[in-house]
Protein chains: 2
Amino acid sequence: MADQSAPPSSESLLFLTDEQLRKGIEAMFFAYRGFTADPDRILEERGYGRAHHRAVHFIHRSPGTTVNNLLSILGVTKQSLNRVLRTLIEDGLVESKVGTKDKRERHLTLTDRGRELERALSDAQRNRMRDAYRKAGPEAVQGFRQVLVAMMDGDMRRHYLALKDAGQ
Amino acid sequence: MADQSAPPSSESLLFLTDEQLRKGIEAMFFAYRGFTADPDRILEERGYGRAHHRAVHFIHRSPGTTVNNLLSILGVTKQSLNRVLRTLIEDGLVESKVGTKDKRERHLTLTDRGRELERALSDAQRNRMRDAYRKAGPEAVQGFRQVLVAMMDGDMRRHYLALKDAGQ
DNA sequence: CTTGGAATGTCAACAAGGCTGACTTAAAAC
DNA sequence: GTTTTAAGTCAGCCTTGTTGACATTCCAAG
């Protein structure tokens, strides 16, 4: 792939030149664009943005989640999330049910239409990810995830690890 | 790291469950936040944003680059870039010189103050990247970059690969 | 039972940073 | 000499983030 510069092969001593680190930084920048490109197209067709994608994704992941939980995962203000959530509810993609135990809480779930959008978005994104994995090979997949997890802030890593495995 | 599920070890057949792909997608989302967190803090202190960071980074990388070149790397409109560039020039971080061969072009370079900001930003980001690499280990670093490159859109991959190695 | 605080929602205002469209200037290319 | 290109600028719009203020609901502690 034209940038297979021989890495230090020793386990313990990791010689990381500024150049190698910079390449990693730039790769992250360019790759994130590819990562969001396909969903962005789908969202634009339907008049939504990335903020909607994020909300839909995590509601799908944790059906019945509360607004507060979503806030801490997404790391935005409630006003910001509320604007997005309101349009999704108005458009009939998300359902907000008052909690039974604690009636202050709203439990969020996707409607059929919401699931349809989520499916379209995640299909596109999964296809991109699958292609990348296939091109890079099985060992690469391991390393990819390991570095990403190591790059997360503590809070985010907690959230990431807390998202339950729907049985891998 | 709590999610070391045994991958298919065969080179050719890569069993990628939706679950594995989703984990990769979420890792990418959370990791990008960590990736930008440190620079964001520095930028905020000085009244700049990510757009300024990107401009400063690529001007540093390719001193004397033209506005048009920067536009295609960053993938934004010239109006958007211009707004950012103008403040950087006004603040004395970037210098814009009329081209000698083609006088329509402006060649952009960092001033001392610009280099100082770039240094602060890239030091922070490199530290984060170095820590992540160290935690993940040498093999992981390879895989990380390979997957990222494979995830890029064609245009971005061209730009990425075209950025000259300042001798790694 | 009352009250304090937590969870939610809403309104208003603002800023960054994307976007489009229209237009100017200067210079290169033809 | 005309057209095209590079750059810059103005105006206006959108999304998505931010604060601050405030209302409502309702659990829970006193």
Side-chain angles (χ1 to χ4, degrees), chain A residues 29 32-33 36-37 39-59 64-91 94-109, chain B residues 29 32-33 36-37 39-59 64-91 94-109:
Chain A
F29 170 70
Y32 199 77
R33 298 255 291 268
T36 56
D40 281 354
R41 266 188 294 275
I42 294 168
L43 289 160
E44 211 201 355
E45 286 169 12
R46 317 204 186 189
Y48 295 119
R50 274 186 209 176
H52 301 87
H53 184 180
R54 295 195 279 266
V56 164
H57 175 93
F58 287 108
I59 293 171
T65 185
T66 64
V67 173
N68 247 10
N69 181 44
L70 212 47
L71 280 177
S72 76
I73 287 178
L74 297 177
V76 296
T77 59
K78 65 177 174 173
Q79 293 89 335
S80 207
L81 175 58
N82 200 256
R83 180 168 37 201
V84 164
L85 234 33
R86 189 167 39 208
T87 70
L88 290 174
I89 292 169
E90 279 169 3
D91 295 355
V94 167
E95 200 178 11
S96 170
K97 274 185 250 180
V98 173
T100 50
K101 192 179 174 186
D102 186 338
K103 292 178 190 165
R104 289 168 301 181
E105 295 181 343
R106 305 301 141 96
H107 297 279
L108 305 167
T109 48
Chain B
F29 169 70
Y32 200 77
R33 298 254 292 267
T36 55
D40 281 353
R41 266 188 294 274
I42 295 169
L43 289 160
E44 210 200 357
E45 286 169 12
R46 317 204 186 189
Y48 296 118
R50 275 186 209 174
H52 301 87
H53 184 180
R54 295 194 281 266
V56 165
H57 175 94
F58 286 108
I59 293 171
T65 186
T66 63
V67 174
N68 249 8
N69 182 43
L70 212 47
L71 280 178
S72 77
I73 287 178
L74 298 176
V76 297
T77 59
K78 67 175 174 177
Q79 292 91 331
S80 209
L81 175 59
N82 200 256
R83 180 167 36 199
V84 165
L85 234 34
R86 190 166 37 207
T87 71
L88 289 174
I89 292 169
E90 279 169 5
D91 295 354
V94 168
E95 199 179 11
S96 170
K97 275 185 248 177
V98 172
T100 50
K101 193 179 173 186
D102 185 335
K103 292 178 190 165
R104 290 170 305 179
E105 295 181 342
R106 307 299 144 93
H107 296 281
L108 305 168
T109 49

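On a predicted model such as this, the values are computed, not experimentally measured, just so you know. First the proteins, then the strands, lettered A, B, ... as listed; each starts at 1.
With rounding to the nearest 0.5 angstrom, the CG atom of Asn82(A) is 8.0 Å from the CD atom of Gln79(A). Asp102(B) contributes atom CG, which lies 9.5 Å from atom OG1 of Thr66(B) (distance to the nearest 0.5 angstrom). Summarising the geometry, atom NZ belonging to Lys78(A) is positioned 13.5 Å from atom CG belonging to Leu85(A); distances are rounded to the nearest 0.5 Å. Of the inter-residue distances, the one linking Leu81(A) atom CG with Arg86(A) atom CZ reads 10.5 Å to the nearest 0.5 angstrom.
Nearest heavy-atom pair across Val84(B) and Ala51(B) is CG2-CB, 3.6 Å.
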Could I get a table of every N or O pair under 3.5 Å where one atom is in the protein and the other is in nucleotides 9-17 of chain D?
residue	atom	partner	partner atom	Å
dT9(D)	OP2	Asn82(B)	OD1	3.1
dT9(D)	OP2	Arg86(B)	NH1	3.4
dT16(D)	OP1	Arg50(A)	N	2.9
dT16(D)	OP1	Ala51(A)	N	3.4
dT16(D)	OP2	His52(A)	ND1	3.4
dG17(D)	OP1	Arg54(A)	NH2	2.4
dG17(D)	O5'	Ser80(A)	OG	3.4
dG17(D)	N7	Arg83(A)	NH2	2.3
dG17(D)	O6	Arg83(A)	NH1	3.2

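Considering only heavy atoms from C-beta on, Tyr48(B) comes within 4.5 Å of Asp91(B) through its side chain.
Annotation: of the two residues near DNA chain D, Val67(B) and Arg106(A), the 5′-most nearest-nucleotide partner is Val67(B).
Among His57(B), Arg54(B), His52(B), His53(B), the single residue meeting the side-chain contact (heavy atoms from CB on, under 4.5 Å) criterion with Pro39(B) is His53(B).
A 4.0 Å heavy-atom criterion places the boundary nucleotides of DNA chain C facing chain B at dG17(C) to dA28(C), written 5' to 3'.
The number of heavy-atom neighbours closer than 6.0 Å to CD of Glu44(B), taken from other residues, nucleotides and ligands shown, is 12 or below.
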